[in-house]
Amino acid sequence: MRIASRFKEEKFLVAALVVAAIAYLLEHAVIGMGRGVALIAAVVLVGTIVLASIRVAHHAELLAVKVGDPYGTMILTLSAVAVEVIILAIMMGGESSPTLVRDTIYSALMLDINGILGLAALLGGLKHGEQPYNDNSGKTYGVMILTAMGISMIVPEFVPSDKWHYYSAFTIVAMIALYGLFLRMQVGQHSYFFSYSYPRSERKKETPDEHGADESTAISIATILVGVVIIGLLAEFMAAFMTEGLRDSGAPIAVTAVVVAAISAAPEILTALRAALRNRMQATVNIAMGASLSTVILTVPVMEAIALYTGQPFIMAMTPVQTVMVAITLIAAAINLNDGETNAIEGMTHFILFATFVMLTALGL
C-alpha cells in the first residue's frame, strides 16, 4: 500500500520514465518522419523534463526546509545546476553549436536575475511593499558573479586560439577555488550573510507540515538522484529531436540555449515566487543570485574539462550585446540589492531587462 502511494505521489517521475522508454523505442522512427514531428517530440520531452525537474526541486525543497538557510537554498540551486550540466554535457556530445555553453550560461543569468528576481520582487512588492532581506547576501553574490563571469566569459576574447587549453585549465582551477571559498563562507563563519531573522509571527506562516518536511530524508535524496538520471535520459532524446527539428529552420541558434536554461530555472521560478509572495525575500535572493553564481562557477569547470578531454574548445567569450546586457544587469543588481529591501520598482527594472533579453534573442542577437 505504501509503495502504491509512493508511486502515486511521484506520478510525474513515473510518467517521465515511461516517456523516456517510448522515446528510446521510437527515436529513429520519429526522426524519419521529418522536422515537424521531431520538433513536436522535442517540445513534449521539454515539458516532461520540466515536470520531472519540478519533482526534483520539490524534494530538494523538503530537504531545504529541514536544514534551513543558507543550506536550504544551496540544495535547491545545486539540484537545478546539476540538471543543467547534465543536459549540456549530453547536448555537447551531439551536433550542437560551439557557443551553446556560453549562450546557456548567459541565458541562465538573464533568467535568474532579471526573470526570477525581477518578477518575484515586482509581485512581492505590489503585495507587501518593501521586502527586507540581508543586504550582505546581495553584495557577496554580486561581486562573485561579476568575477566569475569576467574570468570565464569576457577575458577569453583576448586569449590567443593556440593557447586556449592553458587558459581553460586555469579557468577550471579559478572556478573551483572561488566556489570552495564561497562554500566555506556560506556554511561557515559567514553563513549569517545569507540568512535573515524574520519576526516570529512571519515564521509561523511557514510550517514544516506545509511542505511535507516530515518525509524521509533518505527518500528525498534517492528521489532526487533517480530524477536526475531520468532527466539525463530524456535530455539525450530531446537533443536529438531538437537538432533535427531546428535543422535549416532559420531559428536563432540561441533558442536551444534558452530552452536549456529555462528547463533548469523552471522549478526555481515557482519556489522563488512562493517565497516572495510570503514576504520571505531572503529565500528569493538566495535562489536567484545563488543559481546565477552556481551556474557560472560550476558549469564552466565541468564543460571546460570536457573541452580539454575532447580537444575541442568551446566559444566562451560573450558577444558585445551579451556583454552589455550582463554589465547592465549586474550594475542594476548592485544598486538594487544594496539597501536590504526590495520593492516593485526595483523588480520592474529587472523584469524590463528580462523582456529586453527575450526581444534580443528573438532578433537573433
Side-chain angles (χ1 to χ4, degrees), residues 11-56 80 83-108 110-111 115 226-267 269 299 303 306-307 310 312-315 319 321-322 357-365:
K11 55 183 179 293
F12 286 159
L13 288 180
V14 174
L17 186 59
V18 172
V19 171
I22 294 174
Y24 173 76
L25 295 173
L26 301 180
E27 179 180 8
H28 298 294
V30 169
I31 292 178
M33 292 179 184
R35 294 203 307 263
V37 176
L39 193 57
I40 292 173
V43 171
V44 171
L45 288 177
V46 168
T48 306
I49 291 173
V50 169
L51 291 177
S53 298
I54 289 175
R55 289 308 299 171
V56 169
V83 169
E84 183 174 86
V85 169
I86 289 172
I87 295 176
L88 273 177
I90 290 172
M91 296 190 73
M92 291 307 296
E95 301 177 21
S96 59
S97 167
T99 63
L100 178 60
V101 176
R102 178 199 71 187
D103 293 341
T104 299
I105 294 174
Y106 165 69
S107 299
M110 294 295 106
L111 280 166
V226 171
V228 168
V229 171
I230 294 175
I231 288 169
L233 293 173
L234 290 169
E236 185 169 357
F237 299 117
M238 181 201 72
F241 294 151
M242 185 171 291
T243 299
E244 180 63 28
L246 295 178
R247 191 187 305 277
D248 302 323
S249 66
I253 297 176
V255 167
T256 304
V258 174
V259 170
V260 175
I263 288 173
S264 65
I269 294 174
T299 303
M303 302 313 296
I306 292 175
T310 61
Q312 297 295 324
F314 305 131
I315 298 177
T319 65
V321 172
Q322 290 175 336
F357 156 72
V358 173
M359 185 65 195
L360 293 172
T361 302
L363 295 176
L365 298 175

Inset, instruction - Work out which heavy atom in S107 is nearest to a heavy atom in A261; give both atom names and the distance. - result: CB-CB, 3.8 Å
Inset, instruction - Could you walk me through whether Y24 and L233 pass side-chain contact (heavy atoms from CB on, under 4.5 Å), step by step? - result: CA-CA 9 Å; Y24 173 76; L233 293 173; over 6 Å; no
Inset, instruction - Could you pull out the closest heavy-atom pair between A38 and G245, with the gap in Å? - result: CB-N, 4.0 Å
Inset, instruction - Apply the test side-chain contact (heavy atoms from CB on, under 4.5 Å) to residues E244 and V30: give CA-CA distance (whole Å), side-chain angles for both, the deciding distance (0.1 Å), then the verdict. - result: CA-CA 10 Å; E244 180 63 28; V30 169; over 6 Å; no
Legend entry - Side-chain donor/acceptor of T319 to backbone N/O of Q322, under 3.5 Å: yes
Inset, instruction - Evaluate the side-chain contact (heavy atoms from CB on, under 4.5 Å) criterion for residues I31 and F241: first the C-alpha distance (whole Å), next the side-chain angles of each, then the deciding distance (0.1 Å), finally the verdict. - result: CA-CA 7 Å; I31 292 178; F241 294 151; 3.9 Å; yes
Legend entry - The single option from V44, V50, L51 passing side-chain contact (heavy atoms from CB on, under 4.5 Å) against T48: V44
Inset, instruction - First locate atom CG of L100, then atom CD1 of I315, and finally report the distance between them rounded to the nearest 0.5 Å. - result: 11.5 Å
Legend entry - Nearest atoms (heavy-atom pairs only) where L234 meets A16: CD2-O, 3.7 Å
Legend entry - Rounded distance [0.5 Å steps], CD1 in I230 versus CZ in R55: 11.5 Å
Inset, instruction - Working to the nearest 0.5 Å, report the span between CZ of F237 and CD of E27. - result: 5.5 Å
Legend entry - Interatomic distance, Y106 atom OH to T361 atom OG1 [nearest 0.5 angstrom]: 6.0 Å
Legend entry - Nearest heavy-atom neighbours spanning A262 and L111: N-CD1, 3.6 Å
Inset, instruction - To the nearest 0.5 Å, tell me how far M110 CE sits from D103 CG. - result: 12.0 Å
